[in-house]
Amino acid sequence: MLQLSVLRDQTDFVLAGLAKKRYATGPADVAAILDLDQRRRQLQTSHDSAQAEANKLAQQIGGLMKAGDKAGAETLKARTAELKLHTQSAAAELAQVEKEQQQLLYKLPNLPHASVPEGRAAADNEIVREHGAKPELGPDAVPHWDLIKKHDIIDFELGVKITGAGFPVYKGQGARLQRALINFFLDEARAAGYTEMQPPILVNETSGYGTGNLPDKEGQMYHDAKDDLYLIPTAEVPLTNIYRDEIIPVEKLPIRIAGHTPCFRREAGSWGADVRGLNRLHQFDKVEIVQIIQPEHSYAALDTMVAHIEGLLQKLELPYRVLRLCGGDMGFTSALTFDLEVWSAAQGRWLEVSSASNFETYQANRLKCRYKADGGKTQLLHTLNGSALALPRIVAALLENNQTSEGIKLPAVLHSYCGFGVIK
């Protein structure tokens with residue numbers, strides 16, 4: 001959530017950032033927030049003045065009663081009653097104004113970092129670098145949705161029977177490959193200095209608002225109305241909320257945590273190659289890395305997170321590229337995002353497998369996640385996260401890129417984790 005002080009003091013800067021994010025109603029929303037803020041401050045001043053006068057009169061009434069001036073005391077009591085009604089009315093209106101202002105603030109996306117390129121959609125994203133040679137497959141090569149049937153490792157039809165589309169069942173070597181990748185990603189995260197966590201996969205509404213998933217992605221999250229709980233779309237939500245309403249001692253910074261969870265998203269489509277097979281699912285597994293850090297160190301931390309994710313892809317021997325997302329293609333809460341995509345040889349296209357983002361103070365402001373800087377002043381921290389990694393498209397690329405007549409030959413780094421080197 002953007003800070004009110006920034007909206008008041010740097011209005012033009014805010015409007016320019018919202019325009020870069022292609023947030024169409026930015027001018028109207030900012031104007032409404034500032035109007036409400038002016039009204040809020042007027043009400044607060046009126047409320048506080050009336051309360052101060054009532055407190056002063058209360059002292060005077062006591063003196064008049066002691067002096068035997070009952071009439072004078074009654075006059076002041078009448079005035080005190082008027083002031084009480086005024087403060088109650090002002091407090092009620094103040095609460096309503098603050099609620100309206102808060103809801104409008106929740107609607108505003110984060111402002112983009114200066115390095116974010118202009119652009120409206122994915123075609124305008126900047127290719128930062130590309131690594132690895134694309135494999136050349138023979139004429140008999142097939143996409144992963146055919147390979148999984150051939151080797152009987154993932155069953156989509158069984159998932160439909162049990163739950164519905166987008167909930168596959170992994171079996172045999174497919175299930176073991178899933179577990180191997182999760183363990184590999186977690187071991188690599190731990191080796192890089194991240195503390196492993198196992199958070200809940202259901203969160204309350206406050207947690208959803210804390211990371212900015214609510215109200216922005218309300219329609220994409222599975223919601224249990226009876227208990228008012230949400231299935232997480234990513235481990236970012238519970239992991240970051242661990243530090244909600246916390247003032248973190250500076251000696252404990254940076255916070256570096258990682259966790260594996262299943263993830264649930266209602267956004268998956270139902271037709272076309274873009275969503276076929278493992279390309280897009282309603283349920284999938286992912287290892288997430290999160291950092292909470294002082295503002296002056298956050299962009300260096302983002303670079304280390306991207307480097308960590310690249311290291312995973314290199315060990316998996318997957319060709320990949322790194323993209324800097326343009327303003328129009330960025331996430332709601334992000335100030336700067338790098339997407340990492342792997343090459344899917346049989347499909348002949350790039351598949352996104354990770355996003356690494358710096359949210360600056362946007363999430364921390366919602367979370368009230370702070371630290372005491374030099375001089376004892378309490379300041380907001382910066383939060384960051386990255387997928388390290390999401391499994392479905394990694395599996396798709398591993399299957400397609402490594403298919404041979406003898407089976408699917410997995411990269412050497414996974415052999416000890418899987419207990420086998422070839423899917424037959």
Side-chain angles (χ1 to χ4, degrees), residues 135 137 140-185 201-202 217 219-224 231-235 260-288 316 318 341-355 387 389-411 414 417-420 422-424:
L137 302 180
D140 297 329
V142 295
H144 70 272
W145 49 83
D146 289 332
L147 290 168
I148 62 178
K149 289 183 178 180
K150 176 181 177 181
H151 296 280
D152 194 26
I153 54 176
I154 303 173
D155 195 323
F156 282 92
E157 289 76 15
L158 189 55
V160 170
K161 173 184 177 181
I162 297 169
T163 308
F167 296 89
V169 174
Y170 299 83
K171 50 200 291 194
Q173 287 185 308
R176 292 172 66 184
L177 176 58
Q178 285 281 110
R179 180 158 50 90
L181 285 167
I182 292 165
N183 288 337
F184 168 58
F185 295 153
I201 61 172
L202 282 162
K217 292 181 171 60
Q220 298 175 15
M221 297 172 68
Y222 286 96
H223 181 224
D224 172 26
L231 280 167
I232 61 170
T234 167
H260 154 251
T261 65
C263 303
F264 304 87
R265 300 182 185 181
R266 299 180 64 216
E267 64 190 1
S270 58
W271 63 86
D274 287 354
V275 298
R276 192 169 181 185
L278 296 169
N279 287 345
R280 189 169 296 171
L281 301 173
H282 288 303
Q283 178 183 332
F284 60 94
D285 286 275
K286 180 157 66 81
V287 172
E288 194 81 2
L316 291 174
L318 290 171
E341 300 178 335
V342 296
W343 180 250
S344 175
Q347 295 180 69
R349 64 192 190 94
W350 295 99
L351 302 176
E352 178 199 332
V353 294
S354 176
S355 285
S387 307
L389 287 158
L391 269 69
R393 295 172 188 170
I394 289 290
V395 172
L398 286 173
L399 297 178
E400 293 183 7
N401 295 5
N402 296 297
Q403 58 185 299
T404 71
S405 57
E406 290 81 32
I408 299 165
K409 296 184 177 180
L410 298 175
L414 292 181
Y417 284 96
C418 289
F420 56 85
V422 181
I423 297 176
K424 296 183 178 180

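We use all heavy atoms of the structure for the numbers below, so side chains are in, but hydrogens, waters and symmetry mates are not. In this chain, residues are counted from 1 in sequence order.
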Problem set entry | Value rounded to 0.5 Å, distance of NZ in K149 from CD1 in I154 | 12.0 Å
Problem set entry | Nearest heavy-atom neighbours spanning P135 and A345 | CG-CB, 3.8 Å
Exercise. Does the side chain of T163 come within less than 4.5 Å of H282's, by heavy atoms?
Worked result: no
Exercise. Is any side-chain heavy atom of L181 closer than 4.5 Å to a side-chain heavy atom of L389?
Worked result: no
Exercise. Sub-3.5 Å donor-acceptor pair from the side chain of R265 to the main-chain atoms of Q220, do we have one?
Worked result: no
Exercise. Counting only N and O atoms by type, is there a donor-acceptor contact under 3.5 Å from the side chain of Q283 to the main-chain atoms of P262?
Worked result: no
Exercise. What distance do Y222 atom OH and F264 atom CZ have between them, rounded to the nearest 0.5 Å?
Worked result: 9.0 Å
For this session: State whether the side chain of S387 and the backbone N or O of S354 hold a donor-acceptor pair below 3.5 Å, judged by distance alone.
Result: no
Problem set entry | Contact summary for L414 and L398, nearest pair of heavy atoms | CD1-CD1, 4.1 Å
For this session: Output the distance between atom NZ (K171) and atom CG (L158), rounded to the nearest 0.5 Å.
Result: 6.5 Å
Exercise. Hey, is the main chain of H144 close enough, under 3.5 Å, to the side chain of E400 for a donor-acceptor pair?
Worked result: yes
Exercise. Does N402 reach the main-chain N or O of L410 with its side chain, forming a donor-acceptor pair under 3.5 Å?
Worked result: no
Exercise. From T404 OG1 over to L137 CG, what is the distance, rounded to the nearest 0.5 angstrom?
Worked result: 10.5 Å
Exercise. OG1/T261 to CD1/I232 distance, rounded to the nearest 0.5 angstrom?
Worked result: 3.5 Å
For this session: Test side-chain contact (heavy atoms from CB on, under 4.5 Å) on L391 and F185 and set out the steps.
Result: CA-CA 10 Å; L391 269 69; F185 295 153; 3.8 Å; yes
For this session: Please report the C-alpha distance between L278 and F156 in whole Å, then the side-chain angles of each, then the deciding distance to 0.1 Å, and finally whether the side-chain contact (heavy atoms from CB on, under 4.5 Å) criterion is met.
Result: CA-CA 9 Å; L278 296 169; F156 282 92; 3.9 Å; yes
Exercise. Does Y170 reach the side chain of V395, with side-chain heavy atoms less than 4.5 Å apart?
Worked result: no
For this session: State whether the side chain of R393 and the backbone N or O of V353 hold a donor-acceptor pair below 3.5 Å, judged by distance alone.
Result: no
Exercise. Is a side-chain N or O of N401 found less than 3.5 angstrom from the main chain of W343, in a donor-acceptor match?
Worked result: yes
For this session: Verify side-chain contact (heavy atoms from CB on, under 4.5 Å) between I153 and L399, making sure each step is shown before the conclusion.
Result: CA-CA 11 Å; I153 54 176; L399 297 178; 4.0 Å; yes
Exercise. Can you name the nearest heavy-atom pair linking K409 to V422, along with the distance?
Worked result: CG-CG2, 4.1 Å
Exercise. Step by step, would you call L231 with L202 a side-chain contact (heavy atoms from CB on, under 4.5 Å)?
Worked result: CA-CA 5 Å; L231 280 167; L202 282 162; 3.8 Å; yes
Exercise. Does the side chain of M221 come within less than 4.5 Å of P233's, by heavy atoms?
Worked result: yes
Seminar exercise, completed: d(D146 CG, K150 NZ) to nearest 0.5 Å is 10.0 Å
Exercise. Between the main-chain N or O of V142 and the side-chain N or O of Q403, is there a donor-acceptor pair closer than 3.5 Å?
Worked result: yes
